[in-house]
Amino acid sequence: MQDKNDQVIARLAKLDKLREMGLNPYPHSFSRTHTSKELLQSKSDLLQSEEVVRFAGRVVRFNRKGKMCFMHLKDRFGRLQVVAAANMLQDDYEIVKLIDLGDFIGVEGSMMETQKGEFSVKASKITMLSKVIRPLPIPKEMIDADGNKTVFHEFKDIDTRYRKRYTDMALNDEVRDVFLKRSKIMQSIREYLISKDFIEVETPTLQPIYGGANARPFTTHHNAADMTLYLRVAPELYLKRCVVGGMEKVFEFSKNFRNEGMDRTHSPEFTGLEFYEAYADYNDMMVHFENIYERACIAANGSTKIQYQGKEIDFKAPWPRLTVNEAIEKYSGLKVEDLSDQEIQVELEKRNAKLDGIWTRGRAILELFEQTAEAHLIQPVFIKDMPKESTPLCKGHRDNPDLIEQFEPYANGWELGNAYTELNDPVRQRELLEEQVNRGRGGEDETHPMDENFLDAIESGLPPTGGVGFGIDRMVMLLTNQQTIRDVQLFPLMKSE
RNA sequence: GAGCCAAUAGCUCAGCUGGUAGAGCAACGCCCUUUUAAGGCGUGGGUCGAAGGUUCGAAUCCUUCUUGGCUCACCA
């Protein structure tokens with residue numbers, strides 16, 4: 001190993017000693033009779049029966065007292081004290097002398113209470129399960145009479161914690177909790193969609209043509225086929241092919257990759273969920289969306305209400321629906337319908353906003369919405385009926401030719417997702433995609449490639465369909481009160497040290 | 001991409017206007033059979049993020065770089 005400090009050397013010496021004693025410091029398994037949670041649950045029975053239990057975990061506290069030693073072992077459910085006394089353990093007490101903080105050990109013994117009343121395993125046998133050779137900066141904790149926990153010398157260097165997430169998780173319970181909640185959130189989404197008869201599918205991550213979102217892709221190369229491939233920016237175009245194929249209701253948890261900037265809410269790889277339902281429209285999708293969010297919130301927090309950075313947000317369904325124009329009027333008093341293009345531009349200038357690329361009335365209205373309304377959208381709300389310039393994949397509005405049937409759910413001022421009554425008119429679809437290819441990406445030099453195979457699919461018949469896409473990471477951030485996307489991704493990308 | 005801030009022992013930090021590196025925890029040795037941040041006595045541990053520069057002398061001042069954080073910009 002690279003850096004050998006005194007502590008590593010001391011642990012390697014203990015490792016040798018264990019081997020000299022004829023012990024395997026890395027045995028193949030250990031059968032537990034109880035986890036820490038199970039021991040606590042059967043506390044009174046076990047104290048009475050003096051049944052022999054087998055318990056294992058990582059040593060997170062150590063208090064040697066001559067020929068006696070108190071340890072706390074931590075498993076995934078919590079920590080529990082082990083009392084290791086020389087007269088009980090006989091030869092095994094030699095092992096106790098070679099234990100360091102961070103080691104995994106297994107104990108066998110009966111349950112007891114110490115003089116201070118702490119429920120503990122009275123060890124009659126100790127087994128080293130994994131000798132750790134690198135010191136773990138395990139903090140000391142003090143719990144006062146009121147049950148408040150104070151942590152001393154906490155492992156908190158942010159950079160190191162992301163780079164060594166295994167250590168971070170082992171030491172900081174709150175970190176592991178976030179990922180437990182993430183798992184519960186994903187599970188609740190999956191259960192909801194499956195209960196509504198959706199089929200979970202997997203579509204390509206490596207794609208010869210990328211699409212479905214206006215984003216810059218990562219590029220890679222397949223050697224044997226000698227072809228350029230892209231990591232997907234969104235699964236949308238493939239999921240629609242599934243609907244064309246008759247699957248009717250499909251969803252996918254999709255790792256998406258976008259070769260753009262990184263900040264508090266953007267990571268180059270992130271998880272999206274998209275689902276599509278044949279014979280449904282965007283109104284049906286709003287119902288699914290608010291149900292999914294409400295259930296996920298309950299799964300993670302046991303309530304529809306959360307605190308996010310001091311703000312209370314209630315995800316209880318149903319959520320209000322506002323059109324873009326209604327939202328602008330609500331928060332600025334401006335009636336967009338009555339304003340000329342000129343007047344809209346004046347309102348934008350008043351707010352120091354400028355439009356990159358080609359000026360169109362629709363894009364200007366969207367910009368005005370962002371300037372006036374977005375920051376106010378703390379409680380969950382659906383913003384719907386965007387100007388038609390917004391996206392080429394959405395169907396026109398049934399009542400207004402200037403609008404499309406798109407909605408974006410908002411909460412905490414964040415755009416949480418994006419959904420449409422999907423465009424299924426193949427002639428119109430081709431026109432819009434060709435326009436996009438010709439236009440390139442709003443003022444930038446890169447163009448969006450034309451996906452002929454996707455158009456062929458739409459030409460082969462997409463039923464009326466509603467679709468939704470949203471970011472799981474941002475959802476987990478909200479529902480676990482985390483401020484940065486790195487805190488909800490297990491192993492976030494870091495630059496090389 | 002811009003501005004500001006930070007990087008010192010395994011961990012958490014101190015180190016003033018430049019004088020040759022410090023604490024607590026952890027580690028090592030000894031004592032201790034009911035501890036709870038256990039305690040007592042003793043010992044070792046550092047390329048002060050990296051590279052240059054100024055100076056008799058740099059952790060400290062200057063420059064550049066690296067990594068991270070915050071704010072802003074970009075990004076449907």
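Please read all numbers here as calculations on a predicted model, not as lab measurements. We name chains A, B, ... by the order of the sequence lines, and we start the count at 1 in each one.
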| A:R61 vs B:A38: side-chain N/O to OP1/OP2 distance below 4.0 Å | yes
| message | How many whole angstroms separate atom CD1 of A:I485 from atom C1' of B:C75? | response | 13 Å
| task | Take atom CG of A:D168 and atom P of B:C11, then tell me their distance rounded to the nearest Å. | result | 14 Å
| To the nearest Å, how far apart are A:N5 CG and B:U47 P? | 11 Å
| query | Picking from A:T484, A:I485, A:L490, what satisfies side chain to side chain contact (heavy atoms under 4.5 Å, CB included) with A:V488? | reply | A:I485
| task | Name the nucleic acid region contacted by A:T160, choosing base, sugar-phosphate or nothing; use a 4.0 angstrom heavy-atom cut-off, strictly under. | result | nothing
| Watson-Crick or G-U wobble mate for B:U63, both contacts under 3.5 Å | B:A51
| Which nucleotide sits closest to the side chain of A:M112: B:U71, B:U34, B:A26? | B:U34
| said: How many whole angstroms separate atom CG of A:D487 from atom P of B:G69? | reply: 10 Å
Could I get a table of every N or O pair under 3.5 Å where one atom is in the protein and the other is in nucleotides 22-24 of chain B?
{"from": "B:G24", "atom 1": "N2", "to": "A:H153", "atom 2": "ND1", "distance (Å)": "3.0"}

| query | A:R163 near the nucleic acid: base, sugar-phosphate alone, or nothing, with a heavy-atom cut-off under 4.0 Å? | reply | sugar-phosphate
| request: Starting at atom CD of A:Q115, determine the distance to atom P of B:A38, rounded to an integer number of angstrom. | output: 18 Å
| field | Whichever of A:F70 and A:T484 has its nearest RNA chain B nucleotide further upstream toward 5' | value | A:F70
| note | Ranking B:C25, B:A76, B:C75 by distance to the side chain of A:K140, first place goes to B:C25
| field | Exceeds 12 heavy-atom contacts within 6.0 angstrom, atom CD of A:Q307 | value | yes
| remark: Expected string for nucleotides 27-33 of chain B under the B/S/- scheme (protein heavy atoms, under 4.0 Å, primed atoms plus P, OP1, OP2 as sugar-phosphate) is SS---BB
| task | Choose from B:G68, B:U36, B:A76 the nucleotide whose nearest atom is closest to any side-chain atom of A:K495. | result | B:G68
| request: To the nearest Å, give me how far apart NZ (A:K156) and P (B:A7) are. | output: 14 Å
| said: With a 3.5 Å limit on both atom pairs, tell me what B:A2 is paired to, counting Watson-Crick and G-U wobble, or say none. | reply: B:U71
| message | Classify A:R161 by what it touches in the nucleic acid, base, sugar-phosphate, or nothing, heavy-atom distance under 4.0 Å. | response | nothing
| field | A:F62 CZ - B:A37 P separation (whole Å) | value | 17 Å
| request: Please identify each residue that fulfils side-chain hydrogen bond (donor to acceptor under 3.5 Å, both in side chains) with A:T127, with sequence neighbours left out. | output: none
| message | I need the CG-P distance between A:L136 and B:C11, as an integer number of Å. | response | 11 Å
| So which nucleotide from B:U34, B:G68, B:C11 ends up closest to the side chain of A:M494? | B:G68
| Ring-face cation of A:R176 near A:F179 (centre distance under 6.0 Å, axis angle within 45°) | no
| said: Under 4.0 Å, heavy atoms only, any strand: does A:D157 hit a base, just the sugar-phosphate, or nothing? | reply: sugar-phosphate
| field | B:A38 OP1/OP2 closer than 4.0 Å to side-chain N/O of A:K116 | value | no
| query | Between B:G69, B:A37, B:U35, which nucleotide gets closest to the side-chain atoms of A:T114? | reply | B:U35
| Across all strands, who's sitting opposite B:C28 as a Watson-Crick or G-U wobble pair, both distances under 3.5 Å? | B:G42
| said: By the 4.0 Å heavy-atom rule, please label A:E118 as base, sugar-phosphate, or nothing. | reply: base
| When we call it a touch if two heavy atoms are under 4.0 Å apart, what does A:Q81 touch: a base, just sugar-phosphate, or nothing? | base
